[in-house]
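In what follows, a single structure is set out as structure tokens and then discussed.
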Amino acid sequence: MAPLVLTLLLHFSIALSSASPDHESSGATTIIFATLGSRSTYAFDIFTLPTRASPSSADEIQLTDGKSLNFNGFFPSLSSSLLSLLPNQTLIQTLGPQNSAPLSVVYVTERGGSSNIFYDLVYLNSLQISRSRSALEIPKRVQVPLLKGKNGIAMKDKPTVTGDYLIYVSTHEDPGKPRASWAAVYSTELKTGLTRRLTPYGIADFSPAVSPSGVYTAVASYGESGWNGDVEELSTDIYVFLTRDGTQRVKVVEHGGWPSWVDDTTLYFHRRSEEDEWISVYRAILPSGAPISTDSVIVERVTPPGLHAFTPATSADNNKFIAVATRRPDSDYRHIELYDLVKNEFIELTRLLSPQTHHLNPFISPDSTRVGYHRCRGASNDKKSAHFLLENLNSPVSEISLFRVDGSFPSWSPGGDRIAYVEFPGIYVVNPDGSNRRQVYPKMAFSTVWDPVRPGVVYSSTGPTFASESTEVDIISINVDGEADEAYNFKKLTTNGENNAFPAVSPDGKWVVFRSGRSGHKNLYVMDAVEGEKAGLRRLTEGPWGDTMCSWSPDGEWIAFASDRENPGSGSFELFLIHPNGTGLRKLVQSGLGGRTNHPYFSPDGKSIAFTTDYAGISAEPISNPHHYQPYGEIYTVKLDGSDLKRLTHNSFEDGTPAWGPTYIKPEDVEWPIYRPKCSFEECHWLNEMPSHSGGVETLEPSKPQCSGA
């Protein structure tokens with residue numbers, strides 16, 4: 001059969017629904033937001049190498065199709081349940097004899113506005129393998145979504161296929177309390193789609209692993225105590241339960257994450273050593289034929305100190321080696337290595353091929369001959385890989401279209417025809433279709449907001465972020481439609497330089513509210529919008545706490561802001577409302593004790609507020625992702641009376657700085673019309689902390705954004 005016909009027969013895609021004709025006239029709107037950590041540049045694909053020493057670049061094969069984001073893979077056995085899902089059995093039988101055995105992979109993918117789990121069967125003949133052509137260039141692929149819309153809008157993670165069932169994490173059920181993770185483990189029967197929750201209600205589970213027999217599942221979990229605010233290596237424990245129904249749940253290890261079974265009584269996991277502070281892989285041996293508890297389980301350290309080793313992977317009855325991700329003191333990048341369990345030594349793999357590329361979350365084939373992982377695919381195979389200005393996400397609210405923007409601190413022009421955003425350094429404006437992108441301010445700045453009265457005027461704060469009260473940060477206004485001369489384009493509105501930031505403009509364009517550290521504490525002030533504080537300044541809030549991140553309601557009645565006034569200096573922020581005259585102060589949203597609710601932004605009708613929060617806790621182990629300062633932010637909306645709290649986003653990244661626009665954008669991805677670099681993300685900054693021989697910690701400089709591809 002011709003490759004073109006084969007591609008047409010086998011290619012599956014998820015179509016985005018078009019906007020209904022009455023959306024614009026019915027007052028439908030759009031929310032855009034930023035995902036920190038350069039999420040738009042990840043471009044992850046699943047790759048594989050043979051599990052032998054000294055691989056070459058010719059040995060590396062790209063398994064996934066180069067579309068969107070593909071990560072956290074699993075090599076399944078070719079079971080009858082999986083094969084029955086394939087759309088053309090005759091074609092599969094035709095392909096098989098004249099080709100080598102197909103490579104089969106199950107993985108998480110973010111495409112078509114949602115998170116899903118796909119199953120790919122990729123046929124590589126010996127000629128293609130010898131030439132090291134990537135799977136991106138090979139038309140012989142069968143691709144099947146395994147959940148097909150199950151569980152609605154939710155994050156999916158860490159899939160495993162065992163027998164007739166898919167085991168995975170989903171975030172589709174609300175636990176009903178603030179600052180509690182929605183992550184739970186589910187089992188879906190592949191043939192019928194029947195889904196069962198395995199995690200007890202009121203508890204969150206992460207990183208499930210199924211034993212070789214399929215009888216047991218191990219997870220990382222906080223148990224009934226719940227998430228404690230960890231944002232680095234988690235203090236979760238390892239629990240084991242029956243895969244069939246989640247019963248007989250028991251804690252087997254205190255402090256551990258990312259479990260992986262080698263047989264039904266032995267599993268590996270990672271944790272930070274209390275003795276030397278290195279993150280290492282450990283082995284837990286469960287008793288046979290006896291009650292299981294943390295007292296009866298034998299725990300042994302496997303990898304030595306001197307480097308961080310984490311996210312271990314094993315294969316059934318393989319007592320010769322495991323695969324791990326490592327961070328070595330002499331490298332800025334995360335790499336995949338094997339650890340020889342007999343010789344007790346590491347075998348480097350990916351650093352030999354792509355030394356300046358991060359490689360994440362290894363997994364091993366059932367026959368132990370291959371190791372898989374994901375990395376940024378880079379520019380070499382980029383023909384099918386679009387880079388989006390606006391990446392559509394399926395919205396749980398039909399009247400709101402939802403997009404991730406490729407930038408930080410976005411804001412809408414009053415007519416919804418332009419977007420301002422920050423790139424560190426610099427402020428840019430662009431049309432929503434990606435055209436007319438221009439830099440309008442070249443220096444370090446954060447937060448943007450448009451003047452609702454004077455066309456083309458954008459306000460921002462220029463200076464370093466996350467700085468002390470006395471740091472020089474000032475409010476500026478920028479005429480984005482002015483001449484090229486810098487002095488003409490922007491005006492400095494504050495004069496004392498003591499951390500003046502997060503401006504918001506009154507709807508009549510007369511006033512700007514902002515936060516300032518001029519009193520020694522970050523409180524709110526109001527000044528003249530045109531001439532700045534020299535033409536008029538008054539204090540709006542006062543106290544030994546931090547008030548910040550302002551938004552002025554469209555009717556002028558309210559100013560929303562974030563504050564730690566209930567526990568100053570704790571890092572815990574709630575949302576408050578106050579009238580511009582200083583009266584009517586009240587709390588709007590609190591994300592539990594110690595929680596964070598930040599960056600409020602009024603809806604165009606002034607009846608609701610969008611914001612970012614840790615209300616949904618964390619959704620995955622942070623060590624399994626690149627760097628995020630706070631790997632828990634999700635976008636929510638709430639009405640001004642505190643009712644109708646809605647979660648809009650589901651992922652394990654840091655979503656923040658939402659902006660609610662006045663027009664409805666059709667829920668389709670908007671590609672950049674210009675080339676934008678990929679792979680410009682960083683390693684987790686806390687993995688740069690390398691324990692020293694003297695007992696202290698040496699912090700390496702954060703790795704530079706990685707090179708594009710191998």
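Only heavy atoms go into these numbers, but all of them, side chains included; no hydrogens, no water, no symmetry mates.
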| Polar side chain donor-acceptor pair, S221 to R249, under 3.5 angstrom | yes
| message | Donor-acceptor check, side chain of T188 to backbone of T195, threshold 3.5 angstrom: yes or no? | response | no
| note | With R39 as partner, the option from E682, E391, E654 fulfilling salt bridge (Lys or Arg N to Asp or Glu O under 4.0 Å) is E391
| said: If I take atom CZ from residue R370 and atom CD1 from residue I364, how far apart are they, to the nearest 0.5 angstrom? | reply: 13.0 Å
| query | Does L360 reach the side chain of S624, with side-chain heavy atoms less than 4.5 Å apart? | reply | no
| query | Can you tell me how far OG1 of T64 sits from CG of D45, rounded to the nearest 0.5 angstrom? | reply | 3.0 Å
| Distance, nearest 0.5 Å, that separates CG of L390 from OG of S40 | 11.0 Å
| Is it true that a side-chain atom of T199 and a backbone atom of A184 form a donor plus acceptor pair closer than 3.5 Å? | no
| Shortest non-hydrogen contact from L267 toward A218 | CD2-CB, 4.0 Å
| query | Less than 4.5 Å apart, any side-chain heavy atom of L242 and any of Y216? | reply | yes
| query | Mind checking whether T350 and R334 have side chains closer than 4.5 Å, heavy atoms only? | reply | no
| message | Check the orientation of Y186 and H172. Use parallel for under 30°, tilted for 30 to 60°, and perpendicular for over 60°. | response | tilted
| remark: Correct closest heavy-atom pair for R647 and E634 would be NH2-OE2, 3.2 Å
| query | How long is the gap from CE on M155 to OG on S652, to the nearest 0.5 Å? | reply | 5.5 Å
| field | Flag for T35-R404: side-chain donor and acceptor within less than 3.5 Å | value | yes
| field | Nearest-0.5 Å distance that lies between atom CD1 in I618 and atom OH in Y222 | value | 4.5 Å
| Is any side-chain heavy atom of I623 less than 4.5 Å from a side-chain heavy atom of I279? | yes
| Minimum side-chain heavy-atom gap W686-V231 below 4.5 Å | no
| query | Where do D205 and Y239 land on the side chain to side chain contact (heavy atoms under 4.5 Å, CB included) test, with the steps shown first? | reply | CA-CA 9 Å; D205 287 339; Y239 288 78; 5.6 Å; no
| query | Between Q143 and D120, does any side-chain donor sit less than 3.5 Å from a side-chain acceptor? | reply | yes
| field | From CA spacing to verdict: side chain to side chain contact (heavy atoms under 4.5 Å, CB included), T266, T314 | value | CA-CA 10 Å; T266 308; T314 58; over 6 Å; no
| task | Please state whether the rings of F653 and Y42 are parallel, tilted or perpendicular, taking 30° and 60° as the class boundaries. | result | perpendicular
| task | Start with the C-alpha gap between L190 and V161, add the side-chain angles, then the distance that decides, and say whether side chain to side chain contact (heavy atoms under 4.5 Å, CB included) holds. | result | CA-CA 9 Å; L190 292 171; V161 173; 4.1 Å; yes
| said: Tell me whether R351 forms a cation-pi arrangement with Y333, defined as NZ or CZ under 6.0 Å from the six-membered ring centre and within 45 degrees of its axis. | reply: no
| Which atom of Y168 lies closest to which atom of P159, heavy atoms considered | CB-CA, 4.2 Å
| query | Does any N or O in the side chain of R197 come within less than 3.5 Å of the main-chain N or O of G246, such that one atom is a donor and the other an acceptor? | reply | no
| said: Which residues pass the ring pair (Phe, Tyr, Trp, His ring centres under 6.0 Å) test with F75, not counting sequence neighbours? | reply: F363
| query | Does a donor on one side chain sit under 3.5 Å from an acceptor on the other, for D669 and N392? | reply | no
| said: If you take the centroid of each ring, where Trp contributes its six-membered ring, are F44 and F681 closer together than 6.0 Å? | reply: yes
| W182 and H650 aromatic ring geometry - parallel, tilted or perpendicular at 30°/60° bounds | perpendicular
| query | What heavy-atom pair brings S260 and A209 nearest, and what distance separates the two atoms? | reply | CA-CB, 4.1 Å
| Hey, does the side chain of T612 reach the backbone of I635 with a donor-acceptor pair shorter than 3.5 angstrom? | no
| query | Under a 4.5 Å cut-off applied to non-hydrogen side-chain atoms, are L393 and F33 in contact? | reply | yes
| query | Is there side-chain contact between E233 and R271, with at least one heavy-atom pair below 4.5 Å? | reply | yes
| task | Indicate the atoms forming the closest heavy-atom contact of P396 with I153, along with that distance. | result | N-CD1, 3.4 Å
| request: Please check if the side chain of S207 supplies one atom and the backbone of A220 the other of a donor-acceptor pair under 3.5 Å. | output: no
| said: To the nearest 0.5 Å, what is the distance between CG on L69 and CZ on R377? | reply: 7.5 Å
| Check: E621/H270 side-chain N/O donor and acceptor closer than 3.5 Å | yes
| Side-chain donor-acceptor pair present, N116, T109, cut-off under 3.5 Å | no
| task | Work out which heavy atom in L349 is nearest to a heavy atom in R52; give both atom names and the distance. | result | CD2-O, 3.5 Å
| field | Y629 ring center within less than 6.0 Å of H685 ring center | value | yes
| task | Report the residues that fulfil ring pair (Phe, Tyr, Trp, His ring centres under 6.0 Å) with Y282, sequence neighbours left out, ordered by chain and then residue number. | result | F269
| task | Please say which of H308, E683, R327 ends up in a side-chain hydrogen bond (donor to acceptor under 3.5 Å, both in side chains) with N688. | result | R327
| field | Any donor-acceptor pair under 3.5 Å from H374 side chain to N361 backbone | value | no
| field | Partners meeting side chain to side chain contact (heavy atoms under 4.5 Å, CB included) with N318 (sequence neighbours left out) | value | S315, K320, F321, S368
| request: State which residues pass ring pair (Phe, Tyr, Trp, His ring centres under 6.0 Å) with Y268; sequence neighbours excluded, sorted by chain then number. | output: none
| message | Is there a side-chain contact between P362 and T311 in this structure, where contact means two heavy atoms from C-beta onward sitting under 4.5 Å apart? | response | yes
| said: Considering only residues two or more places apart or on different chains, which pairs with a residue in residues 154-163 satisfy side chain to side chain donor-acceptor pair (under 3.5 Å)? | reply: N72-D157
| query | Considering residues at least two apart in sequence or located in another chain, which fulfil the side chain to side chain contact (heavy atoms under 4.5 Å, CB included) criterion with S395? | reply | V397, I400, L402
| message | Would R328 pass as a cation-pi partner of F346, given that its NZ or CZ must be under 6.0 Å from the six-membered ring centre and within 45 degrees of the axis? | response | yes
| request: Might you work through the side chain to side chain contact (heavy atoms under 4.5 Å, CB included) test for V324 and I336, ending with a clear yes or no? | output: CA-CA 6 Å; V324 297; I336 305 302; over 6 Å; no
| query | Just wondering, are more than 12 heavy atoms of other shown residues or ligands nearer than 6.0 Å to CZ in F71? | reply | yes
